[in-house]
A.B. asks: 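I'd like to ask you about the structure that follows.
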Amino acid sequence: MASGVKLGDGVKSAFESEFKHGKKLLWMTFKLSDDLKEIVIDQVGPRRAPDAAKGLDEGRGELYAHFVAALPKEDGRYAVYDFDFTITEGNSSREANKIVFVSWTPEGTKLKHKMLYASSKDSLRKQLGQVVEVQATDAAEIHYDSVKGKCLLK
């Protein structure tokens with residue numbers, strides 16, 4: 001279902017240069033423009049190392065919590081997050097990484113916005129390449145452990 005909403009200028013190049021290849025950003029959020037005709041960059045989160053004093057998983061969870069807190073409670077967003085996690089198999093473990101694409105439409109989102117976010121998602125999603133996709137309407141659906149579980153399945 002095409003909505004007529006297009007990707008705004010600079011969205012793909014910022015994703016490629018600052019996020020995917022440049023590794024300068026840990027996350028990016030995207031929103032519908034005020035006239036509802038484009039998907040534009042909303043916020044970005046600079047890359048930083050997890051707090052070593054808290055341990056790797058807890059530190060990663062804390063960074064992820066900052067990202068989740070940036071999502072609005074009553075409006076939709078798209079987001080990408082450079083998700084690092086540990087895979088444990090038997091007595092060994094290894095580090096892994098996936099780009100997670102989040103389609104966020106909480107219950108408080110206006111109906112017209114919900115429809116536009118649902119129908120225009122693919123115009124952004126197809127520009128991102130291979131990602132783990134998460135559709136969420138509440139915090140439980142994008143909780144760190146829930147997203148890690150989806151990453152482990154891919």
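These figures come from a predicted structure and were not determined experimentally.
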A.B. asks: In terms of heavy-atom contacts, does CG of D35 have more than 12 from other residues, nucleotides or ligands at under 6.0 Å?
C.D. replies: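 Yes.
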A.B. asks: Checking side-chain contact (heavy atoms from CB on, under 4.5 Å) for the pair I39/K31: CA distance, chi angles, key distance, verdict?
C.D. replies: CA-CA 6 Å; I39 297 169; K31 67 179 186 172; over 6 Å; no
A.B. asks: Applying salt bridge (Lys or Arg N to Asp or Glu O under 4.0 Å), name anything that partners E62, two or more places apart in sequence or on another chain.
C.D. replies: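 K54.
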A.B. asks: Roughly how far apart are R94 CZ and E89 CD, rounded to 0.5 Å?
C.D. replies: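 The CD atom of E89 is 5.0 Å from CZ of R94, to the nearest 0.5 Å.
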A.B. asks: Do K121 and Q135 come close enough that some side-chain heavy atom pair is under 4.5 Å?
C.D. replies: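 Side-chain contact under 4.5 Å: yes.
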A.B. asks: Does the side-chain contact (heavy atoms from CB on, under 4.5 Å) test come out yes or no for V100 and E133, once each step is laid out?
C.D. replies: CA-CA 6 Å; V100 174; E133 188 170 333; over 6 Å; no
A.B. asks: Which heavy atom of K114 sits nearest a heavy atom of T109, and at what distance?
C.D. replies: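 Here K114 and T109 meet closest at CE-O, 3.5 Å.
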A.B. asks: Just wondering, do V40 and S33 contact through their side chains at under 4.5 Å, heavy atoms?
C.D. replies: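 In short, these two side chains touch, coming nearer than 4.5 Å.
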A.B. asks: Under 4.5 Å between any side-chain heavy atoms of F15 and L124, yes or no?
C.D. replies: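 The answer is no; the side chains never approach within 4.5 Å.
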A.B. asks: Any donor and acceptor pair, going by atom type alone, linking the side chain of T29 with main-chain N or O of Q43 inside 3.5 Å?
C.D. replies: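 Flag set: sc T29 to bb Q43 pair under 3.5 Å.
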A.B. asks: Do you know which two heavy atoms are closest between P106 and P72, and how far apart they sit?
C.D. replies: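 Here P106 and P72 meet closest at CG-O, 3.8 Å.
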A.B. asks: Please name all residues satisfying salt bridge (Lys or Arg N to Asp or Glu O under 4.0 Å) with K148, sequence neighbours left out, ordered by chain then number.
C.D. replies: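 Partners of K148 under the salt bridge (Lys or Arg N to Asp or Glu O under 4.0 Å) test: none.
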A.B. asks: Are any of the side-chain heavy atoms of F85 and L152 separated by less than 4.5 Å?
C.D. replies: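 Side-chain contact under 4.5 Å: yes.
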A.B. asks: Who passes side chain to side chain contact (heavy atoms under 4.5 Å, CB included) against D82, sequence neighbours left out?
C.D. replies: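 With neighbours one apart ignored, the set is F19, K23, L26, R47, N97, I99.
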A.B. asks: Looking only at heavy atoms, which two atoms of P46 and L25 are closest? And how far apart?
C.D. replies: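 Looking at all heavy atoms of both residues, the closest pair is CA-CD2, 4.2 Å.
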A.B. asks: What distance separates S17 OG from K24 NZ, expressed to the nearest 0.5 Å?
C.D. replies: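 S17 atom OG to K24 atom NZ measures 7.0 Å (nearest 0.5 Å).
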A.B. asks: Determine the interplanar angle of the Y64 and F83 rings, folded into 0 to 90°, and report it as parallel if under 30°, tilted if 30 to 60°, perpendicular if over 60°.
C.D. replies: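 Y64 vs F83 ring planes: perpendicular.
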A.B. asks: Given S120 and L32, is the side-chain contact (heavy atoms from CB on, under 4.5 Å) satisfied, shown in steps?
C.D. replies: CA-CA 10 Å; S120 58; L32 296 173; 4.2 Å; yes
A.B. asks: Compare all side-chain heavy atoms of E38 with those of V11 and state whether any distance is below 4.5 angstrom.
C.D. replies: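 Side-chain contact under 4.5 Å: no.
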A.B. asks: Working to the nearest 0.5 Å, report the span between CZ of R77 and CG of D42.
C.D. replies: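 The distance works out to 4.0 Å.
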A.B. asks: Report yes if the side chains of Y81 and F101 come closer than 4.5 Å at any heavy-atom pair, otherwise no.
C.D. replies: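 No, too far: nothing below the 4.5 Å cut-off.
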A.B. asks: How about V102 and I142: do any of their side-chain heavy atoms sit closer than 4.5 Å?
C.D. replies: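 Result yes, sub-4.5 Å side-chain heavy-atom pair found.
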A.B. asks: For a quick test of reading the model, state the closest non-hydrogen atom pair linking A70 to W27 and the distance between them.
C.D. replies: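 Distance-wise, the nearest heavy atoms are CB-CH2, 3.6 Å.
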A.B. asks: Should we say atom CG of D145 is surrounded by more than 12 heavy atoms from elsewhere, each under 6.0 Å from it?
C.D. replies: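 Yes, because the 6.0 Å sphere around CG of D145 holds more than 12 heavy atoms from other groups.
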A.B. asks: I'd like to know whether R48 forms a side-chain contact (heavy atoms from CB on, under 4.5 Å) with H66, so could you lay out the CA-CA distance, the side-chain angles of the two residues, the decisive distance to 0.1 Å, and finally the verdict.
C.D. replies: CA-CA 12 Å; R48 57 189 176 132; H66 288 292; 3.2 Å; yes
A.B. asks: With a 4.0 Å cut-off, would you call E95 and R60 a salt bridge?
C.D. replies: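 Salt bridge between E95 and R60, a charged N being under 4.0 Å from a carboxylate O: yes.
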A.B. asks: How far does CE of M28 sit from CD1 of I41, to the nearest 0.5 angstrom?
C.D. replies: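 Going from the CE atom of M28 to the CD1 atom of I41 covers 4.0 Å.
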A.B. asks: Has K37 got more than 12 heavy atoms of other residues, nucleotides or ligands less than 6.0 Å from its NZ?
C.D. replies: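 At most 12 heavy atoms, drawn from other residues, nucleotides or ligands, come within 6.0 Å of this atom.
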A.B. asks: Taking the side chain as everything from C-beta on, heavy atoms only, tell me whether W104 gets closer than 4.5 Å to Y117.
C.D. replies: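 No, every pair of side-chain atoms sits at 4.5 Å or beyond.
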A.B. asks: Nearest 0.5 Å, please: how far is OG in S146 from CD in E141?
C.D. replies: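 OG of S146 is found 7.5 Å from CD of E141.
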A.B. asks: What distance separates Y78 OH from L71 CG, expressed to the nearest 0.5 Å?
C.D. replies: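 If we round to the nearest 0.5 Å, Y78:OH and L71:CG are 13.5 Å apart.
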